[in-house]
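Notes to accompany the following structure.
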Amino acid sequence: MTTRIDSDILASLAAHSVELIATLQHPSGAYPASPTFSAYTGYSWFRDGAFIADAMSAANEVDSASRFFDWCETILIDRRAQIEAIEQAEAAGTPLDNAQMLATRFTFDGHEGNDEWWDFQTDGYGTWVWAVVTHARRHDFTPARWGEGIELSVRYLLATWQRPCFDWWEEYEAERHVSTLGCVIAGLNAAADSGVLSSEMEQQARGAAAEALELIQTQGVRDGHLVKWLHSEAVDGSLAALISPLAVVDGTSPLGTATAARIDAELSVDGGVHRYIGDTFYGGGQWPLLSCMLGLAFAAGGDSAKARQQLEWAAHTVTPQRFLPEQVDDHLLDATRVPEWLERWGTVATPLLWSHAMYVRLAVELGEYTPPAWGESTSLAAESHHGNEREIV
Ligand code: BGC
């Protein structure tokens, strides 16, 4: 087990993480996944970005989060014709193929880019809607500013949510993934509650969310816990997010506690969470962002002591440059698979903004980081940059 870390050090890393994310946010509002990692450079993901924006919102970085949501909305508005074509083909019973669906990631200026990617993934279109509505509610304003983007996302999800697609890890395209469905449910319910939809679309959103939830409950549960995809037996670290922050599953319910316990038992080693058994990406190491998501799930289940241990584990992964990586290699599922990735893409993505974001989100949740009030944050970020730098040991 890791040694205990004092609260002031945990808080300092959270403040630093907020500052890092704010510094790296592109003027367009896009959050880069990682500024330096070969395969990610120049791109922003709806999935990563939505969770990053949620963390920035929770840290009272209201403008930063809003600007990311503006970026999302612009991308959707620019693809209105594509969404309408997808909708019409679906309604006519002649659905378009996966290559014609919306992309997973975009360049900072809002284009698909020229690099091949595992593109059809619906989760991000639900997650950003959940994040933007949560943001507006948290800071007590209306999400109407993003009404057009929310509506287009709902229309896209209504036409596509039933289809198998790549999961959070951009794998297993032929399956229907429980984490993906969870993101869709969170997004559709948030949209339905947002007040920006017509009453007809609001009903459709609620109906599809209820149907997807029923699907998870009947085909996505095994031995009392959620599973990686419909009818599978395994768990996936991403399932913790359905408990918190997405709140699709109540953290104190039997399903919530059993899912967190199963992830802990099957995928966590000392608090460091693997994505899933059989992961070979860079040897299948432990992901700080998943450790924080499991921490959020523990907190939602009422176990803040275990949640804090998760935060500490994540803090221990920080590099001397104070970057949080995508994964660490302290415990690998298959060490023989490391060299091929090093050769293909170089060293592990570091910093990964999503890792910093989940760290911040959990630190705020646990009261280990009390963000400055909205509007005061810039001066605090500047202060922590010039002095008070602390090494995590
Ligand atoms: C992960 C995705 C993530 C992307 C960018 C990939 O390796 O599997 O979940 O969105 O990196 O961070």
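Order of listing sets the numbers, starting from 1, for every ligand and every atom in it. Below, all heavy atoms of this structure are taken into account, side chains as well, without hydrogens, waters or symmetry copies.
- Side-chain atoms of H26 and S28 form a donor-acceptor pair, as typed in the model, at a separation below 3.5 Å.
- A donor-acceptor contact closer than 3.5 angstrom links the side chains of W128 and S153.
- In this structure, a donor-acceptor pair under 3.5 Å is present between the side chains of W169 and D236.
- If you look at ligand 1, the protein residues with a non-hydrogen atom under 4.0 Å away are A33, Y40, W45, R47, D48, W168, W169, E170, R275, F281, E326, L352, W354.
- Partners of R155 by salt bridge (Lys or Arg N to Asp or Glu O under 4.0 Å), not counting sequence neighbours, listed by chain and number: E84, E87, E151.
- Here A335 pairs with L332 under the side chain to side chain contact (heavy atoms under 4.5 Å, CB included) rule; sequence neighbours left out.
- For D334, there are no salt bridge (Lys or Arg N to Asp or Glu O under 4.0 Å) partners at least two apart in sequence or on another chain.
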